[in-house]
Amino acid sequence: MTVTIDRQGEIATVTVDNPPVNALSAALRQGLWDAVATLDADASVAAVVLVCAGRTFIAGADVTEFGKPPVPPHLPDLVDRIEAAAKPWVAAIHGSALGGGLEVAMGCRFRVAVPDAWLGLPEVGLGIVPGAGGTVRTPRLLGVPAAVDLVTSGRPLRAAQAAEAGLVDAVVQGDLLEGAVAFARLALTRPLPQPVSTRPIAAPDADFWAEQEKAVAKSARGAAAPLRALACLRKAAEADFADAMAFERQTFLDLRGSEQAAALRHVFFAERAAPRPAALRDVEPLPLRRAAVIGGGTMGAGIAAALRDAGLPVVLVERDDEAVARGMANLRGIFDGAVRRGKLTGAQAEDRLAGVTGTTDYAALADTDLVIEAVFEEIGVKRAVFDRLAEACRPDAVLATNTSYLDPRAIAKGLPGPERFIGLHFFSPANVMKLLEIVPVPQTSDRTLATGFALARALKKIPVRAGICEGFIGNRILKRYRTAAEALVRQGVAIAEIDAAMRGHGFAMGPFEAQDLGGLDIAYLQREGARAAGQAVPETLGDLLVRAGRKGQKTGGGWYDYAPGERRPQPSAIVADLLAGSVDPGPAMDRKAIAAHLVAEMAAEGQAILDQGIAQTPAEIDLVEIHGYGFPRWRGGPMFATGIRG
Ligand code: T1G
Ligand code: NAD
């Protein structure tokens with residue numbers, strides 16, 4: 001760690017260099033503390049530019065210090081000291097100014113940033129609130145409504161948005177340091193703005209806070225930090241600076257030791273470890289320049305969209321011209337949706353679509369680096385596709401299957417060069433869901449495996465390596481979860497109670513309403529297929545419903561009834577009748593007990609998965625559940641929540 005002082009005439013520059021992300025370790029805080037003293041004492045200095053070396057501005061407090069007793073100088077004191085410096089400081093921001101990094105920048109008199117910089121307060125995502133004045137200075141700088149949005153969502157702003165909101169004074173085009181020094185010189189010719197802590201706040205009325213509380217509670221789904229952050233902002237608006245700072249500090253210290261914060265730190269580090277497994281550290285992946293997808297249905301179109309979002313040109317192969325047209329229309333639908341939601345401009349959507357070549361001709365794959373197969377879930381169809389790929393593709397091209405339940409070894413059987421074969425299991429919608437299960441077969445080479453992980457990084461997905469078993473990690477746990485939920489119904493627990501229990505636990509949906517949304521028929525057909533193949537698959541309650549024509553929302557009913565055109569589930573008398581013969585009432589269970597039981601079932605399946613070597617660590621199972629199945633992040637995943645850690 002170094003803090004270096006240079007001088008450009010009357011402007012001093014303070015350069016922080018604390019790789020990898022300039023986190024505010026105790027040594028860095030001390031270095032900055034000393035720099036203020038040095039520069040205050042230097043009569044030749046009129047203003048100071050604070051800039052960082054490496055990939056980013058200060059990315060925040062050092063998360064690895066959170067479990068330990070705080071060491072002085074404390075960050076709030078450092079921010080106060082910079083703000084009270086005799087010379088105005090200018091924060092020159094590139095990369096990310098997050099958490100404590102942004103708080104340091106708000107202690108500076110000015111903030112300038114390059115156009116692709118991010119500024120934000122992500123603390124609520126770590127189960128805490130900003131701890132160095134973030135909730136007290138942002139409303140003074142941005143006004144209360146914008147501060148509420150920034151702090152309670154944890155979502156960062158791009159430089160231009162930050163400038164619009166008042167968080168950044170100037171966006172610097174070209175060289176940051178040069179621009180910041182020029183900005184400082186100009187600023188010295190004008191009256192200085194007040195330090196942020198002394199600026200007034202327009203306090204909103206009680207109705208505003210009541211509304212915000214409702215909205216924040218709804219989106220937090222049980223996470224504590226966003227509401228506590230809102231309380232800090234209210235304090236900032238209604239009390240004086242010192243009292244608000246004390247309130248924020250107390251809240252910060254209180255939350256820092258909480259179970260939710262521990263869970264969110266666990267997820268933070270698991271997410272950062274996942275894309276770069278130690279075993280592949282020295283393995284060079286195949287460079288990915290061109291990709292192809294076979295099948296343009298639900299998954300194929302989603303995967304193609306994800307590849308385009310990462311900038312790769314894509315060839316989309318379908319079985320006939322009509323299917324090509326349908327696949328391209330599916331893709332257009334995805335990009336049009338992104339335009340409607342404001343995620344892409346019309347021109348960007350056109351560009352994404354223009355980068356996809358739809359065809360029936362495998363010759364178009366001659367120079368493709370990676371092919372992902374997403375055709376019907378039938379072994380014969382998939383094998384035929386891989387036969388064609390073996391002929392059409394370069395011998396080093398990676399060939400992947402997106403199968404959900406088939407054995408990838410059976411799909412790869414007879415493939416020349418099986419070392420290039422791998423399972424890449426995406427989740428629907430594939431351009432949105434963050435999880436990617438990576439499933440090597442025994443012959444898969446390290447290079448192919450490393451290419452799977454490199455793809456996940458390029459697509460900004462969370463990769464988890466899975467061994468081969470039915471359903472891999474995620475769908476196998478899902479099956480256990482659904483079976484356990486059905487077992488509760490058989491014991492007389494109401495379907496709606498189970499769903500409410502899981503929502504109360506932090507899921508967006510319970511297991512039955514989720515099946516109604518996705519359709520009960522896919523799992524049913526799979527069970528029927530297994531039965532037809534001679535496997536002993538026990539009859540499920542879902543089978544009874546599907547046989548009665550109840551496949552979910554799309555048929556007007558599944559586990560629940562739905563009024564025409566409505567998506568609100570209504571408990572169903574028909575279902576009660578259909579299932580009556582299967583119910584044998586047991587002891588009553590409250591919602592807490594229901595949720596605890598179902599999570600314990602998930603964790604038990606996770607443990608079996610670990611014991612069989614299908615997953616490597618409990619943390620990876622947690623990532624699968626959080627990023628593929630909506631498990632509440634703030635609980636850390638089923639393994640963490642039940643004490644299975646490591
Ligand atoms: N502390 C310690 N280590 C960190 C870290 C941090 N804040 N951020 C990242 N790392 C490590 C990470 O584990 C990885 O390590 C390496 O740096 C590169 O990370 C008082 C309470 C800045 C956008 O939440 O969002 O300030 O694996 O792969 O893709 O109010 O890192 O190499 O050993 O993610 O280039 C708020 C979290 C803290 C920022 C860069 N700050 N970091 O992304 O690299 S709370 C954050 C990020 C706070 C105050 C409080 C990203 C990034 P390794 P990476 P990247
Ligand atoms: P889908 O029926 O929506 O799409 C399949 C597409 O493959 C169709 O467009 C079809 O025309 C095309 N196709 C069929 N045979 C082909 C051939 N020989 N050559 C080229 N194209 C052909 O199915 P889907 O839901 O997209 O599923 C595709 C695969 O992804 C399956 O293996 C499925 O198990 C898996 N999967 C699905 C989900 C999901 O939630 N739907 C999730 C993960 C994985």
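Atoms within a ligand are numbered from 1 in the order they appear, just like the ligands themselves.
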Quick one: does ligand 1 sit under 4.0 Å from the side chain of [X], the backbone, both or neither, non-hydrogen atoms only?
{"X": "E103", "value": "side chain"}
{"X": "T56", "value": "neither"}
{"X": "F268", "value": "side chain"}
{"X": "P20", "value": "side chain"}
{"X": "F57", "value": "neither"}

Return the closest protein heavy atom for [atom] as residue, atom name and distance.
{"atom": "atom 2 (C) of ligand 1", "value": "D62 OD1, 3.3 Å"}
{"atom": "atom 29 (C) of ligand 2", "value": "V375 O, 3.3 Å"}
{"atom": "atom 46 (C) of ligand 1", "value": "A59 O, 3.5 Å"}
{"atom": "atom 18 (C) of ligand 1", "value": "R55 NH1, 3.7 Å"}
{"atom": "atom 4 (O) of ligand 2", "value": "G297 CA, 3.3 Å"}
{"atom": "atom 23 (C) of ligand 1", "value": "S96 OG, 3.6 Å"}
{"atom": "atom 7 (N) of ligand 1", "value": "A61 O, 2.8 Å"}

Matching residue for T403 among H425, E377, E373 - test: side chain to side chain donor-acceptor pair (under 3.5 Å): E377

Do [X] and [Y] have side chains that get closer than 4.5 Å, going by heavy atoms?
{"X": "I58", "Y": "L102", "result": "no"}
{"X": "W118", "Y": "R158", "result": "yes"}
{"X": "F57", "Y": "L98", "result": "no"}

Show which atoms of ligand 1 fall inside a sub-4.0 Å distance from at least one heavy-atom site of [X].
{"X": "R272", "answer": "12 (C), 13 (O), 25 (O), 31 (O), 34 (O), 42 (N), 47 (C), 51 (C)"}
{"X": "P122", "answer": "24 (O), 36 (C), 41 (N), 46 (C)"}
{"X": "L98", "answer": "25 (O), 39 (C)"}
{"X": "I128", "answer": "21 (C)"}
{"X": "P130", "answer": "30 (O)"}
{"X": "F66", "answer": "21 (C), 45 (S)"}

Atom 52 (C) of ligand 1 touched by protein heavy atom at under 4.0 Å: no

Atom 21 (N) of ligand 2 within contact range, any protein heavy atom under 4.0 Å: yes

Within less than 4.0 angstrom of ligand 2, does [X] place any heavy atom?
{"X": "H425", "value": "yes"}
{"X": "F376", "value": "yes"}
{"X": "G327", "value": "no"}

Could you check which of [options] puts a non-hydrogen atom nearest to [atom]?
{"atom": "atom 50 (C) of ligand 1", "options": "E123, E65, H74", "result": "E123"}
{"atom": "atom 5 (C) of ligand 1", "options": "V21, L126, L24, N22", "result": "V21"}
{"atom": "atom 1 (N) of ligand 1", "options": "V124, N18, V63", "result": "V63"}

Within reach of ligand 2, part of F426 (heavy-atom separation under 4.0 Å): backbone

For ligand 2, the portion of I294 having any non-hydrogen atom under 4.0 Å away: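 Just the side chain.
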
Ligand 1 to G131 polar contact by distance, N or O atoms, under 3.5 Å: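 Yes; at least one N/O pair falls below 3.5 Å.
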
Ligand 1 to G101 polar contact by distance, N or O atoms, under 3.5 Å: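 So ligand 1 has no N or O lying under 3.5 Å from an N or O of G101.
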
Please report whether ligand 2 has a polar contact with [X], defined as an N or O pair separated by less than 3.5 Å (distance criterion only).
{"X": "E373", "value": "no"}
{"X": "S404", "value": "yes"}
{"X": "K382", "value": "yes"}
{"X": "V385", "value": "no"}

Steps toward side chain to side chain contact (heavy atoms under 4.5 Å, CB included) verdict (L307, L455): CA-CA 9 Å; L307 292 164; L455 174 74; 3.8 Å; yes

Parallel, tilted or perpendicular, as decided by the 30° and 60° cut-offs, for the rings of F507 and F631: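 Perpendicular.
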
